[in-house]
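As the structure is a computational prediction, the values presented were derived from the model and not from experiment. Whatever order the structure lists ligands and atoms in, that order sets their numbers, starting from 1. Just so you know, these numbers use all the heavy atoms, side chains as well, and skip hydrogens, waters and symmetry mates.
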Amino acid sequence: MASNTTVIKKAGCFFRHKHCGVLVHVRNGMVVKVRGNPDHPISRGFICERALRAPKWLYHKDQLRYPLTRFMNLFGNPQNNMDPGTICAMNCLAIDMAITGSMNFRSDLANSKCVVLWGINPAETRLTRWALLREKIRRKEIKVIIVDPRLTKSAEYADITLQLRPGTDAALALGWVHVIINEDLYDKDFVEQWAHGFEELRERVREYNPQRVAGITGLAPDDIIRSARMYAETKPACIERGVASDQLGFNSGRVEQVRVILRAITANMDVPGGNPVSSPVLEMNGGRFICDSALELTEMLPVEQRKKQIGSDRFRVMSWPAWEILESHYQRVYNVPEPVIHRMLVSTPLALRQILTGKPYPIKSMITWVSNPMAWAPNTRLVHEALTHPNLDIHVILEYWMTPTAQLADYVLPAASWLERPLCSTFEDSSRVVWGGERAIPPIGERREDYQIWRGLGIRLSQEEHWPWEDLEEVHRYRISPLGISYEEFIERGCLIPEKEYRRYEKHGFATPTGKVELYSTVFDELGYDPLPFYEEPPESPIRTPEVFKEYPLILSAGSKFMPMFHSEHRQLGIGHREKHPDPLLHIHPETAQSVGVVSGDWVYIETERGRIKQKALVTESIPPGLVDAESSWWFPEKPDAYPSLFGAFESNTNVLTIDDPDMADPMIGSWCNRALLCKVYKA
Ligand SMILES: Nc1nc2c(c(=O)[nH]1)N[C@H]1C(S)=C(S)[C@@H](COP(=O)(O)OP(=O)(O)OC[C@H]3O[C@@H](n4cnc5c(=O)[nH]c(N)nc54)[C@H](O)[C@@H]3O)O[C@H]1N2
Ligand SMILES: Nc1nc2c(c(=O)[nH]1)N[C@H]1C(S)=C(S)[C@@H](COP(=O)(O)OP(=O)(O)OC[C@H]3O[C@@H](n4cnc5c(=O)[nH]c(N)nc54)[C@H](O)[C@@H]3O)O[C@H]1N2
Ligand SMILES: [Mo]
C-alpha cells in the first residue's frame, strides 16, 4: 500500500455512553480525521465535537504510552465493585428488576406520543436522543412534559414545564398516581391481570393529593393535575429518566419505584412508544448473542463469598439478597442458560470506610479502570485518604492520562483507546442493540486493551481455561459466532438491532414472586423495606434541617452535565475542549447573584457543611432564584501534579461538597446525595 494512501476504518466511538458509528481516516498508520458514518443504522452520520477532535486527543503529549511500573498478581473479589452506577441508572435497574423482574427504565422515544423528561437535559447529555426529539417536536408528533428545577434548552419546546423544588421528585410522582387513580385514568385491564397490590397502592397514595404535593414541591396544584392527565391520556407515553433523581440520597429508589408504577397502571409498560420491558439476555437475538452476563460467570462465585460483598446486608436491593429472591423467577420466566443481569454494586462510601477501618475485613488491593474516583466519588478528601492509606497495599490503575487518581496509584498501566481497539458492546447488557466497530490503528507504544490486562492477571492465577481469547477481536468474534453472520459483516453494519417482541409477559408473566408487576413489592417486603413508595425530605433541606438552612440558604445541585466535557475527561489543554470551556461554572440567578454581590465572571466560593470549592459565576435566568448549579468532576491537568495541588483536585470539584454519610444514603441501594444540598455562595 502506498504510504500516503488513506484507509477508512469503521469504528465505534467511545467518548460517551452511546457508540456513534464513525469513519476513521488513517494515513501512514496515524489517525488523521474522524467523521460520522452516514450508513450507521442508529447514529446516521451524527458526530459530536469530541469525536471530531479525536486525533488531537489521541496524539496529545500527555497521553500515557508506557507502563509506569511492571505488573503482578492479585484477584479474588465478592463483587466489590465501587462503581458510579450506584448513583447512575444501575440503581434504577435494580429497582426495576425487584418490582417487575425486568428492566424498563429505557424509553421508546421514536414511537412515543408523549415524553416525560424526568430530570434529564438531553441537549447537553443525550445528543442523538435530542436530535430525534427535536425532529418529532418539529413534526408535532410528540408532547413534552419536563420535570426539572432549571429551564433547560428542552424547556423551550415543552408543553408543560414542572420546575419542582429539588429532591421532591417522589412526591410529584406519587401526586400523579393519586390523580390517575382518583380520576379513573388508569388501565383497568392491565391492573387487574398484571399488577399486584393495587388496593394497597390506592390506600397509600390517598395522602398525596395535589394540594399537599403542591406544598412539598412548590408547584401549582393545577400543573400537577394537568401533567398527570397528559401523561395518562396521551397513548403511548414514555418516561425518559435522567440521573438527578438517582442522586437524592434517602428517597432516590422510591422515585424509580413510582415511575415503574406509573408505567404499569397506564399500561405504557412494554408497548411501542412506552417504556419497553427489556430482559436483555433474552432480547439479544433470542439468546444467540453471547452476552456480558454469560462472560461474567457470576454464578461461579461461591455462595459463602457472596456474603462478603461490602454492605450486602445493609443495601439489600442492589446486592445478593435481592438476587437470591429473584433468581429462581428469572429462571422460571426466561429459561436461558445465562444469568439474567442484576447489577450488584457496592456503596462507595461504605467501601472507602472499609479501606480505612479494615472492618469487617481488610481491603488490601484495588484495581481502577475507566474511572477517576478522585473526581467522581463522594467526599474527595476521604477518597484521597483511602487511596493513600497504608491499609491499601496496592493500587493499580489502567488509564489514558495521569489523573489525580492515577497520581496516587502504585502502578499506572497505559490503556488502548477506542481508536486502538475494536468495539462490541451492549452496555453491559442494558441495551438490546449490539454496537460494533473495528480498531482504527494498533495500540500506540505499550498500551494494551483493558481486556488483555485482565487476561494477563487471570493467566497468572492459573485460570487459563477461562481466558481462551488473546485479544478483544477474538472475544468479539466468539460473541457473535452463533448469529450466523461474519465478523466482517458485523463491522460493516455497525450494529445489530434484534427485533423487539412486545408484551412478552402475556406468555409467561413477570419474573417476580407473584408473576405480576408488584405495585406492592413482595421483594422489598421480604428484604425488610416498606413495600409501598413514599416521599421523604432530602437529607438536607429547608424543611428537614432548618438550622442548616439558616447558615446555608441556597439549594445546590452538584451538578449538571455539559458539552463538550464528559465527566472528568477532556480537561487537557491543546485539544480544543478546554479552550472552549476553560473554567468550572456555577449557574446562578440574577437576583441571587445580586443578593450575594456577584456578577458573571467572578470567581466565587461555594460552601456546604462539608467544605468549600471555587468556581466562576455564570449569571443566568435559566435557573430559579435560590438554587445554584455547580459543574461536577473538575480537575486541572495543567496544574502541578505534586502536593498540595494534585492537579487542583480539591479546588473546584463538587464532590468536596456532597453528602456521603451512609446513614443518609438510599437504604435500599446505598446511593448518596449530590443534588438538593444546602450551600452558601460568596465572592472569592
Ligand atoms: N456532555 C456530557 N454528556 C453526558 C455526560 C457528561 O458528563 N457530559 N455524562 C453521561 C452520563 S454518565 C450520564 S449519567 C448522563 C446524565 O444526563 P442527565 O440526566 O441529563 O444529567 P444532568 O445534567 O446531571 O441532570 C439533568 C437535569 O437534572 C436537573 N435536576 C437537578 N436536581 C434535580 C432534582 O432534584 N429533580 C429533578 N427532577 N431534576 C433535577 C438538572 O437541572 C439537569 O438539567 O449524561 C451522559 N451524557
Ligand atoms: N458530584 C457529582 N458527582 C458525580 C456525578 C454528578 O452528577 N455529581 N455524576 C456521576 C455519574 S452519573 C457518573 S457516570 C460518574 C462518572 O465517573 P467515571 O465514569 O469514573 O468518569 P471519570 O471520572 O471521567 O473517569 C473516567 C476515567 O477513565 C478514563 N478512561 C476512559 N475510557 C477508558 C477506557 O476505555 N479504558 C481505561 N482504562 N480508561 C478509560 C478517562 O481518562 C477518565 O480518567 O460520576 C459521578 N459523579
Ligand atoms: Mo452517569
Side-chain angles (χ1 to χ4, degrees), residues 14-18 48 50 63-64 82-90 117-127 129-130 146-155 162-169 172-173 217 240-248 251 255 348 368-378 380 397-406 413-418 420-421 447-450 453 538 555-572 587 622-623 627 629-633 635 653-658 672-677:
F14 212 132
F15 272 156
R16 62 194 183 106
H17 296 177
K18 185 96 184 203
C48 80
R50 283 185 294 243
Q63 283 253 356
L64 299 173
M82 217 168 78
D83 181 307
T86 320
I87 51 154
C88 174
M90 294 302 109
L117 297 178
W118 201 300
I120 181 166
N121 181 14
E124 297 285 338
T125 62
R126 306 280 177 197
L127 305 183
R129 305 286 282 169
W130 176 237
I146 295 188
V147 182
D148 194 316
R150 293 191 306 156
L151 288 173
T152 59
K153 225 183 249 173
S154 6
L162 300 169
Q163 287 184 269
L164 79 178
R165 172 163 70 92
T168 60
D169 299 71
L172 173 63
T217 57
E240 174 99 354
R241 57 153 284 290
V243 84
S245 56
D246 298 349
Q247 306 185 351
L248 301 175
N251 215 214
V255 181
T348 300
T368 300
W369 84 110
V370 202
S371 189
N372 182 5
M374 280 294 289
W376 73 260
T380 316
I397 186 167
L398 323 184
E399 251 300 351
Y400 300 153
W401 311 91
M402 280 313 279
T403 62
T405 308
L413 304 182
S417 71
W418 62 268
E420 304 157 88
R421 63 180 194 231
R447 290 159 73 124
R448 295 278 180 277
E449 294 166 350
D450 293 321
I453 296 169
I555 297 182
L556 168 68
S557 170
S560 299
K561 299 180 168 46
F562 54 98
M563 281 299 287
M565 305 307 180
F566 195 80
H567 302 301
S568 73
E569 295 187 52
H570 305 293
R571 298 302 196 283
Q572 291 78 10
H587 292 223
S622 65
I623 194 157
L627 173 64
D629 190 312
E631 293 175 352
S632 60
S633 297
W635 63 291
N653 183 0
T654 50
N655 285 312
V656 170
L657 309 176
T658 53
W672 53 98
C673 186
N674 295 338
R675 314 289 172 122
L677 305 160

What is the closest protein heavy atom to [atom], and at what distance does it sit?
atom: atom 47 (N) of ligand 2; value: Trp376 O, 3.0 Å
atom: atom 15 (C) of ligand 1; value: Arg126 NH2, 3.4 Å
atom: atom 25 (O) of ligand 1; value: Arg675 NH1, 3.6 Å
atom: atom 37 (C) of ligand 1; value: Asp169 OD2, 3.3 Å
atom: atom 26 (C) of ligand 1; value: Gly119 O, 3.2 Å
atom: atom 22 (P) of ligand 2; value: Ser568 OG, 3.3 Å

Just checking, any donor-acceptor pair under 3.5 angstrom between side chains of [X] and [Y]?
X: Trp635; Y: Asn653; answer: no
X: Asp169; Y: Ser245; answer: no
X: Ser371; Y: Trp376; answer: yes
X: Asn655; Y: Thr380; answer: no

Winner among [options] once heavy atoms are compared against [atom]:
atom: atom 45 (O) of ligand 1; options: Thr125, Val147, Asn674; answer: Thr125
atom: atom 19 (O) of ligand 2; options: Leu657, Asp83, Val370, Val243; answer: Val370
atom: atom 43 (C) of ligand 2; options: His567, Glu399, Gln63, Arg421; answer: Glu399
atom: atom 31 (C) of ligand 1; options: Ala155, Ser154, Gly167, Ser557; answer: Ser557

Atom indices of ligand 2, in the order listed, that fall short of 4.0 Å to a heavy atom of [X]:
X: Asp450; result: 34 (C), 35 (O), 36 (N), 37 (C), 38 (N)
X: Gln247; result: 5 (C), 6 (C), 7 (O), 8 (N), 9 (N), 10 (C), 12 (S)
X: Lys561; result: 5 (C), 6 (C), 7 (O), 9 (N), 12 (S)

For [X], counting its heavy atoms only, list the atoms of ligand 1 lying under 4.0 Å from any of them.
X: Pro149; result: 30 (N), 33 (C), 37 (C), 39 (N), 40 (C)
X: Phe562; result: 1 (N), 2 (C), 8 (N)
X: Gly242; result: 19 (O)

Output all residues satisfying salt bridge (charged side-chain N to carboxylate O under 4.0 Å, His left out) with Arg421, sequence neighbours left out; order by chain, then residue number.
-> none
Heteroatom distance test (Thr152, ligand 1): nitrogen or oxygen, under 3.5 angstrom = no
Under a 4.0 Å heavy-atom limit, does Glu569 contact ligand 1 with its side chain, its backbone, both, or neither?
-> neither
Have a look at His570 and tell me which of Phe15, Tyr400, Trp401 forms a ring pair (Phe, Tyr, Trp, His ring centres under 6.0 Å) with it.
-> Phe15
